[in-house]
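These notes are about the structure you will find just below.
Start at 1 and go down the list; that is how both ligands and their atoms are numbered.
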Amino acid sequence: MKRFVKAYLINSSIRRKLTSLIMLTCGVVLLSTTVVFTVKEAVSLIGEQNRNLTSLADILSKNVTSAIIFNDPQSALETMNSLSVKTDILAAYILNNDATIFSSYIARGAKPASLPLPQLLSSATPNATQNVVMHISLLWQGSDQVNLTRPIILDGKTVGTVGLIADMSKLRTHLLSTVLVTLIILCLAAIATYFLSLRLQEIISEPILNLSDAMRRVSESKDFSLRVVKPGNDEIGSLYDGFNEMLHEIEERNLVLQQRQEHLQELAHFDVLTRLPNRVLFRDRLQQAMNLAVRKDQQIAVLFLDLDRFKDINDTLGHSIGDMLLQQVANRMGLVMRDCDTVARLGGDEFTIFIQDIKSAENACMVAQKLLDLFEIPYCLDGQQVYISNSIGITLFPADSGNIDELLMNADIAMYRAKADGKNTYRLYNSEMSQQGTDRVALQSDLRSAVDQKQLRLLYQPKFDTLSGRIIGVEALIRWQHPERGLIPPDLFIPLAEESGSIFAITEWVLNTACLQAKFWHDAGYIGITMAVNISAVSLKRKNVVAMVQQALINTGLPPGLLELELTESMLIENNLMAEETLRVLKDLGISIAIDDFGTGYSSLSYLHRFPIDSLKIDRSFVWNMNRTSNDLAIVVAIIAMAHSLKLQVIAEGVETEEQLETLKTCGCEIIQGYLLSKPVGAEELNALLKMG
Ligand code: C2E
Ligand code: MG
Ligand code: MG
């Protein structure tokens, strides 16, 4: 039973619990009040009845004393007849001391046989008084009559007894009606309490039910922005506050989670620096575009764009400027592309683009040209103006391939062809390029081991003094003796070495080998023969180029004054600050600096003042055309004059004819280098030349 009640209480709704509680409390209170009230009422009624009967008996005993003394029962009866007004008195007796009836009065309507006379007589012993004969229990015992006896005393002596028999039915009826009324009131109160409890439980349970409803809605909709309005400042109010706080916290956590998720998503699909799609997203979009193109029978152009000489900018101006450039490039590209085209950054300075629904290869070329034109305007990077170009490779879907990897590879190959063809241009892929592309990759990989495998060798081309005709120095020119491909000229493999980074090992090897050879000639007695070494742009950018040179000098013991480094104009312009500093250090070591291929580069002569240069090497193209076009002769004359005014030596390279030699002599060029006098030769052959003087 207890368990059942407990289970009922636990499982029933709050409304029911509250109603039950209120009803129970009120029931207990009302019931106990009714019981107490009824008992009190009964006790008071019986008490009053007792008192009335006692005082009646007392009066009667006084009034009948003389009748007993004078033995006049009739007089006693007459006295008792006055009791007829008391409707509840059924009978009255005057008893002698021996318990015999002296006189009796029976009320009209009372049946003498039904009167409890024997009980009265038995209780009327002399000197015994029965003051209170009525007791509350009589009411429930069903007895309607009650006895009362009082002694009749005269001068302290009992002369008889008055006995009264009273009717209790009226009293009981009165009491019962009181109980009935109370019960009716109790029922009414219970009904009122029930309705009141309904309202009361509503006040308490409604906010709780509202809260639980809100919880359900939140859990169903997962909308944590929902808030509940606090019903008041009680405990339920705090519950609402707690609920709202909890939702707020969940919402904030969700927001952070969502942001993190978005960030992750962005990291996974977008390039952090330029905010362009990355390789993953590019491939995904391209695949979708390809699927669509197949259905609609359209063409897609895939472009591979690589910035020219981006590494130079990164190395000389710093990575943050490099990053800035990439961002600006990305922004500019966005200007010429349509919304449906995708520009992505694959990494480094490589960008890929695909253009949907391209009508012909010419259209793709037009877009590529637009992209090239974009780069004609200089970029402003941290206050510096920087010119940069790019090379673009183009391939077409589905004509060139139906596979993303192949398309990207084709575009990459075409881009390399654009670079090889002089950069700042675009090339459309064709299948022949693939063969060359694989060649390039294979060569690069072979090049890595070329130094270790001793496949490199140096040739030396002498430089002659125009006046004396004597060899005053040599230029070291590298050759690669490839085991399968034979002798590979530097123009073919130096760019590859620069790209792959093997140029550093190569430069180091050239410096050491050339210095050793120069030291050998120096020691052999050919005093003052200088050794010129070509330094590639990439090597110059390496901070340790000075250390590399120094080490070569230490290793070989060559006097620094006999070493000359040949740099191109563009290297100085592009590397500006760093080149200036590096050259100063080298110059301080006693090394000479020559500008190679002079005249082909920027034709900006202003930098000549700034750099510690010793000589200019007029590019061979001017020398070759000098006697054919007056323009080139004018340039040669101007270069020589200017170099002299700057106190620089002039070397003419590529001199092939006597005519060229004569003109150069006339113009005042002091040093000559070219096939006319000697091709680049091995050390042994040069030995012989030196010997000849
Ligand atoms: P460069 O420094 O301007 O070298 C001169 C080039 O002109 C050499 O070509 C030389 O053989 C060639 N030459 C000299 N006289 C004549 C001539 O009368 N007629 C013609 N037609 N050509 C002549 P080479 O050896 O093929 O070198 C090409 C370029 O490769 C060099 O141009 C230089 O920039 C680079 N190079 C050569 N060796 C090295 C090296 O060790 N390191 C680096 N970084 N670059 C090198
Ligand atoms: Mg050179
Ligand atoms: Mg040259």
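Of all the heavy atoms of L459, none lies under 4.0 Å from any atom of ligand 1, so neither backbone nor side chain is involved. Residue contacts with ligand 1, taken as heavy atom pairs separated by less than 4.0 Å, do not involve K617 at all.
Close contacts of ligand 1 with E653, meaning ligand atoms under 4.0 Å from a residue heavy atom, involve 3 (O). Listed by atom number, the atoms of ligand 1 under 4.0 Å from P490 heavy atoms are 24 (P), 25 (O), 26 (O), 27 (O), 28 (C), 30 (O), 36 (N), 37 (C). Close contacts between ligand 1 and S536 involve ligand atoms 44 (N) [criterion: under 4.0 Å to a heavy atom]. Listed by number with element, the atoms of ligand 1 under 4.0 angstrom from any heavy atom of E656 are 17 (C), 18 (O), 19 (N), 20 (C), 21 (N). Of all the atoms in ligand 1, the ones that sit under 4.0 Å from a non-hydrogen atom of V510 are 41 (O). If you number the atoms of ligand 1 from 1 as listed, the ones under 4.0 Å from a heavy atom of G654 come out as 15 (N), 16 (C), 17 (C), 18 (O). Every atom of ligand 1 is numbered from 1 in the order shown, and the set under 4.0 Å from a heavy atom of D596 is 1 (P), 2 (O), 3 (O).
Atom OE2 is the N/O/S atom of E475 found closest to the Mg ion (ligand 2). Take the N/O/S atoms of D597: the one nearest the Mg ion (ligand 3) is OD1. For D596, the N, O or S atom closest to the Mg ion (ligand 3) goes by the atom name OD1.
Of the polar atoms of W624, none of the N or O atoms is found under 3.5 Å from an N or O of ligand 1, judged by distance alone. Polar contact with ligand 1: absent for G674 (N/O pair, distance under 3.5 Å). Ligand 1 has no N or O atom lying under 3.5 Å from any N or O atom of Q673, backbone or side chain.
Side chain of Q328 to backbone of C380: a donor-acceptor contact under 3.5 angstrom is found.
The protein atom (non-hydrogen) at minimum distance from atom 15 (N) of ligand 1 is Q461 NE2, 3.0 Å. The protein non-hydrogen atom at the shortest distance from atom 18 (O) of ligand 1 is Y675 N, 2.8 Å. Here the heavy atom of the protein found nearest to atom 31 (C) of ligand 1 is L477 CD2, 4.3 Å. Shortest contact from atom 11 (O) of ligand 1 to any protein heavy atom: P680 CG, 3.3 Å. Summary of contacts: the protein heavy atom closest to atom 28 (C) of ligand 1 is D491 OD1, 3.5 Å. Remark: minimum distance from atom 39 (C) of ligand 1 to any protein heavy atom is reached at I478 CG2, 3.6 Å.
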### Task
Start with the C-alpha distance between D373 and Q369, add both sets of side-chain angles, then the distance that settles side chain to side chain donor-acceptor pair (under 3.5 Å), and finish with yes or no.
CA-CA 6 Å; D373 295 345; Q369 188 55 55; 2.9 Å; yes
### Message
Between M531 and L562, is the side chain to side chain contact (heavy atoms under 4.5 Å, CB included) condition met? List the steps.
### Response
CA-CA 6 Å; M531 175 59 74; L562 293 184; 5.9 Å; no
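Aromatic ring centroids of F354 and F282 lie under 6.0 Å apart.
When the heavy atoms of N534, D619, T507 are ranked by distance to atom 46 (C) of ligand 1, first place goes to N534. Considering only non-hydrogen atoms, atom 25 (O) of ligand 1 lies nearest to R479 out of E566, R479, R620.
The protein reaches atom 3 (O) of ligand 1 closely, with a heavy atom under 4.0 angstrom from it.
Under the side chain to side chain contact (heavy atoms under 4.5 Å, CB included) rule, R457 has a single partner from L487, T513, I478, L477, which is L487. Tested against F351 for a side chain to side chain contact (heavy atoms under 4.5 Å, CB included), the candidates L371, L326, N390 yield a single pass: L326.
A 4.5 Å side-chain heavy-atom check between L616 and M642 finds at least one atom pair inside the cut-off. At least one side-chain heavy atom of S678 sits under 4.5 Å from a side-chain heavy atom of L689. For the pair Q517/Y460, a side-chain contact is recorded, criterion being any heavy-atom separation below 4.5 Å from C-beta on.
Using a cutoff of 4.0 Å between basic side-chain nitrogens and carboxylate oxygens, D271 and R279 are not scored as salt-bridged. A salt bridge between R584 and D588 is absent, with no side-chain N of the basic residue lying under 4.0 Å from a carboxylate O of the acidic one. In summary, K463 and E564 engage in a salt bridge, as defined by a charged side-chain N under 4.0 Å from a carboxylate O.
A pairwise comparison of heavy atoms in I593 and I613 identifies O-CG2, 3.7 Å as the closest pair. For the residue pair G322 and F310, the shortest heavy atom distance occurs at O-CE1, 3.6 Å.
Both the sub-6.0 Å distance and the 45° axial angle are not jointly satisfied by K419 relative to the ring of Y416.
For a distance bound of 2.8 Å, the N, O or S atoms of E566 include one lying that close to the Mg ion (ligand 2).
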